[in-house]
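Each remark here refers to the structure printed beneath this line.
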Amino acid sequence: MSGSNSEWWRGAVIYQIYPRSFMDSNGDGVGDLPGITSKLDHVASLGVDAVWVSPFFRSPMKDFGYDVADYRAVDPLFGTLADFDAMRARMHALGLKLIIDQVLSHTSDQHAWFVESRSSRENSKADWYVWADPKPDGTPPTNWLSVFGGSAWQWDSRRKQYYLHSFLTEQPDLNFHCAEVQDALLGEVRFWCERGVDGFRFDACNHQFHDALLRDNPPATVESMGEVSTVRADNPYAMQQHLYDKSQPENLVFLERLRQLLDGYGAVALGEVGDENAPPVMAQYTALGKRLHLAYSFSLLTADHSPKHLRHQVETLDTALAVTGGWGCWAVSNHDVPRVATRWSDGTAPDTRRDRLWLALLLALRGSASLYQGEELGLPEADVPFELLQDPYGRAFWPEFKGRDGCRTPMPWTADAPNAGFSSGTPWLPVDGAHLSLAVAQQEDDPDSMLAFSRALLHWRRTQPLLRTGALAFVDAPEPLLHIVRSDGGAVLHAIFNTGSEPVSTPLPEPLVPLTGHPLAPTATVTTDPTKPLLALSPYGVFFGTPAEAGGR
């Protein structure tokens with residue numbers, strides 16, 4: 001790995017854990033911190049660098065922890081601060097970095113700050129949230145919309161004002177124009193820095209400031225809409241240009257304050273930047289050494305997975321980041337979108353070869369990578385019936401959108417144990433029967449399993465510095481091929497992917513020698529004739545190689 005240890009995050013693989021669904025230690029049906037600790041050997045065996053743990057703070061759980069009622073307390077569902085300390089210590093003993101979620105843009109409506117703020121217009125926290133008077137006809141102050149549907153303004157009868165909520169009504173937005181709010185939030189971040197975390201994933205971090213003049217958003221146009229949206233087309237949120245309710249320029253100054261704090265502890269900032277045209281914002285937010293260390297990309301959490309789309313998204317972000325020296329973090333699955341094994345299957349039957357291809361592609365991109373729990377097993381999206389649905393987003397948009405529960409069902413550990421070994425009680429979401437044969441224990445001793453493949457590929461990638469930090473370029477190739485070149489000075493590595501279900505043969509631009517030691521080597525064959533170098537790829541085959549004069553290893 002190139003760079004100093006303080007830059008461990010460059011090219012790192014970050015394993016995302018959704019605590020509710022990872023492992024339940026006490027039989028209440030909800031995963032918890034001791035459960036995570038008990039399964040960290042599995043995580044470490046994969047060869048990842050860090051673990052991102054989604055929110056575990058005290059919360060009424062209207063949005064399952066992304067509605068924080070106390071930033072410094074572990075919710076009793078998940079354990080105690082002592083359990084957190086034990087989890088952190090075990091991660092560090094295993095050589096894993098710990099990244100925790102921080103939701104700074106909004107709190108729960110049950111947070112003590114909001115309880116006081118809504119009590120009157122004169123209290124000490126009266127300006128800590130975004131309050132505004134109604135228009136003369138009683139309607140909300142602006143046309144801003146909530147990501148979860150409907151107006152982003154909620155009437156409060158005590159103050160006789162509206163408050164802003166970019167997400168659920170139970171998630172009021174903090175007023176970052178208030179200096180006291182910024183200071184208080186930096187104090188919450190400092191608390192966890194002093195508790196030994198290695199970094200933070202900052203949720204919805206471009207929602208932190210709103211337009212102080214409360215100007216209406218203009219309607220979306222064909223020209224204004226990006227290729228990647230943060231919401232579905234049937235969500236009215238997609239019908240506006242979000243010029244004034246997020247991504248405000250004042251946020252850059254706050255991020256610089258945040259970075260200064262984090263640098264004092266050697267902690268890393270990974271920002272979630274959701275926007276219709278996110279790359280320029282991500283580049284600003286990750287300007288070298290000034291703000292966030294890296295930004296999390298939504299660009300591959302899409303239904304479209306054609307080589308043309310993938311190349312365009314990667315090139316667009318890479319070009320934007322090159323201007324500021326910024327850094328990205330790629331993912332193909334997370335807790336908010338259908339699992340990649342289903343989303344990119346084109347409706348066909350499960351195929352482990354395809355799952356292996358997508359993991360290899362993720363690990364070949366310039367940037368860091370986020371691997372969502374269960375992705376190493378090849379888990380497909382679970383089918384959760386409406387009567388068991390927990391996600392408020394899904395209930396609001398049913399049946400066109402089934403919500404996010406299908407990717408949040410419990411992690412399967414042992415097929416023949418109750419609830420796949422996740423819990424001795426009734427799980428908060430049902431275990432999908434299709435996941436049983438893919439449980440960790442079932443794959444553990446199978447050298448041909450997706451789990452064995454994931455471990456082998458991740459460990460091999462750690463030996464390839466070009467895949468972690470090298471520059472990236474594409475070589476034109478006919479679909480279904482995708483040809484990536486990673487380089488650093490004179491060192492060059494080619495990665496060629498057959499994203500189709502049929503074998504493909506293609507001429508090579510120059511003689512290439514296959515790299516060995518990775519589990520996809522058998523899916524590619526190179527002819528030995530140096531005058532007509534030809535690559536043959538199996539269905540969903542992948543080739544890693546170097547120019548002939550460099551030799552393979």
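When reading the values below, keep in mind they use all heavy atoms of this one structure, side chains included, and skip hydrogens, waters and symmetry mates. This one's a predicted model, so the numbers in the text were calculated from it and none came from an experiment.
- Using a 30° and 60° split on the angle between ring planes, Tyr18 and Trp428 fall in the tilted class, from 30° to 60°.
- Using a 4.5 Å heavy-atom threshold, the side chains of Leu363 and Val13 count as touching.
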Pair Asp351-Arg356, salt bridge (Lys or Arg N to Asp or Glu O under 4.0 Å): steps then yes or no | CA-CA 9 Å; Asp351 192 326; Arg356 298 176 188 209; over 6 Å; no
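- Looking only at distances, no side-chain donor or acceptor of Asn498 sits under 3.5 Å from a matching main-chain atom of Pro503.
- The main-chain N or O of Gly541 is never found under 3.5 Å from a side-chain atom of Arg353 such that the two would form a donor-acceptor pair.
- Under the 3.5 Å distance criterion, the side-chain polar atoms of Arg88 are matched with a main-chain donor or acceptor of Arg195.
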Is there a salt bridge (Lys or Arg N to Asp or Glu O under 4.0 Å) between Asp318 and Arg311 once you walk through the steps?
-> CA-CA 10 Å; Asp318 206 48; Arg311 175 175 177 172; over 6 Å; no
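- Note on ring orientation: taking the six-membered ring where Trp is involved, the planes of Tyr296 and Phe298 are perpendicular (angle over 60°, cut-offs 30° and 60°).
- In this structure a side-chain-to-backbone donor-acceptor pair under 3.5 Å is missing from Ser21 to Pro410.
- Contact annotation: the side chain of Met87 never approaches that of Asp83 to less than 4.5 Å [non-hydrogen atoms, C-beta and beyond].
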Under the side chain to side chain contact (heavy atoms under 4.5 Å, CB included) criterion, do Leu508 and Ile496 qualify, and how do the steps go?
-> CA-CA 10 Å; Leu508 291 172; Ile496 306 174; 3.8 Å; yes
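- There is no side-chain donor-acceptor pair under 3.5 Å between Arg354 and Ser345.
- Checking side-chain atoms of Arg343 against main-chain N and O of Val332 turns up a donor-acceptor pair under 3.5 Å.
- In terms of modelled atom types and a separation under 3.5 Å, the side chain of Asp391 and the main chain of Arg404 share a donor-acceptor contact.
- In this structure, the side chain of Asp32 engages the main chain of Gly35 through a donor-acceptor pair within 3.5 Å.
- Note that CG of Asp275 and OH of Tyr285 are 8.0 Å apart. Values are rounded to the nearest 0.5 Å.
- The two residues Pro34 and Phe78 make their nearest non-hydrogen contact at CD-O, 3.6 Å.
- A 4.5 Å side-chain heavy-atom check between Leu512 and Phe543 finds at least one atom pair inside the cut-off.
- When only modelled atom types and interatomic distance are considered, Ser306 and Asp304 share a side-chain donor-acceptor pair under 3.5 Å.
- Trp327 contributes no side-chain N or O that, together with a main-chain N or O of Leu288, makes up a donor-acceptor pair within less than 3.5 Å.
- For the side-chain contact (heavy atoms from CB on, under 4.5 Å) with Leu481, the lone residue among Leu535, Thr506, Val475 that qualifies is Thr506.
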Check step by step if side chain to side chain contact (heavy atoms under 4.5 Å, CB included) holds for Gln102 and Phe57.
-> CA-CA 9 Å; Gln102 286 281 274; Phe57 313 105; 3.1 Å; yes
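- Between Trp460 and Phe544, the ring-plane angle classifies as tilted under the 30° and 60° cut-offs.
- In terms of modelled atom types and a separation under 3.5 Å, the side chain of Glu376 and the main chain of Leu451 share no donor-acceptor contact.
- The minimum heavy-atom distance between Gly328 and Leu294, with the atom names listed, is O-CD1, 4.3 Å.
- Ser333 places no side-chain N or O within 3.5 Å of a backbone atom of Tyr372 that could act as its donor or acceptor partner.
- Using a 4.5 Å heavy-atom cutoff, the side chains of Thr499 and Tyr540 are not in contact.
- Distance check, rounded to the nearest 0.5 Å: CG of Asp24 to CD1 of Ile36 gives 11.5 Å.
- When all heavy atoms of Ala524 and Leu537 are compared, the closest pair comes out as CB-CD2, 3.5 Å.
- Nearest approach of Gln390 to Asp405, heavy atoms of both residues: N-OD2, 2.6 Å.
- The two residues Asn419 and Val431 come nearest to each other via the heavy atoms O-CG2, 3.5 Å.
- One finds the CG atom of Leu472 at 10.0 Å from the CG atom of Leu467 (value rounded to the nearest 0.5 Å).
- Atoms CD1 and CZ, from Ile100 and Arg201 in turn, are 12.0 Å apart once rounded to the nearest 0.5 Å.
- Separation of atoms SG (Cys329) and CE (Met282) is listed at 8.5 Å; rounding is to 0.5 Å.
- Put simply, the side chain of Phe84 reaches to within 4.5 Å of the side chain of Val197, judged on heavy atoms.
- Each of Met450, His435, Gln442, Met411 was compared with Leu377 under the side-chain contact (heavy atoms from CB on, under 4.5 Å) criterion, and only Met411 meets it.
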Please step through salt bridge (Lys or Arg N to Asp or Glu O under 4.0 Å) for the pair Arg339 and Glu375, ending with a clear verdict.
-> CA-CA 8 Å; Arg339 288 185 174 275; Glu375 208 171 335; over 6 Å; no
What do the steps show when you test Asp198 against Met91 for side chain to side chain contact (heavy atoms under 4.5 Å, CB included), and what is the final call?
-> CA-CA 11 Å; Asp198 301 291; Met91 284 190 194; over 6 Å; no
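- The minimum heavy-atom distance linking Gly29 with Phe422 is given by the pair O-CE2, 3.5 Å.
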Using the side chain to side chain contact (heavy atoms under 4.5 Å, CB included) rule, take Val485 and Phe474 through it: C-alpha gap first, then chi angles, then the decisive distance, then the call.
-> CA-CA 6 Å; Val485 177; Phe474 284 89; over 6 Å; no
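- Proximity of Ile99 to Trp9: side-chain heavy atoms (C-beta onward) are nowhere separated by under 4.5 Å.
- Within the model, atoms CG of Leu482 and NE2 of His309 stand 11.5 Å from one another, a figure rounded to the nearest 0.5 Å.
- Among Phe22, Trp192, Phe64, the one residue that satisfies the ring pair (Phe, Tyr, Trp, His ring centres under 6.0 Å) test with Phe56 is Trp192.
- For the salt bridge (charged side-chain N to carboxylate O under 4.0 Å, His left out) with Asp49, the qualifying choice from Arg10, Arg461, Arg468, Lys97 is Arg468, the only one to do so.
- Ring orientation note: the planes of Tyr66 and His335 are close to parallel, at an angle under 30° on the 30°/60° scale.
- Using a 4.5 Å heavy-atom threshold, the side chains of Thr527 and Lys532 count as separate.
- By the 4.5 Å heavy-atom criterion applied to side chains, Val340 and Leu362 are not counted as neighbours.
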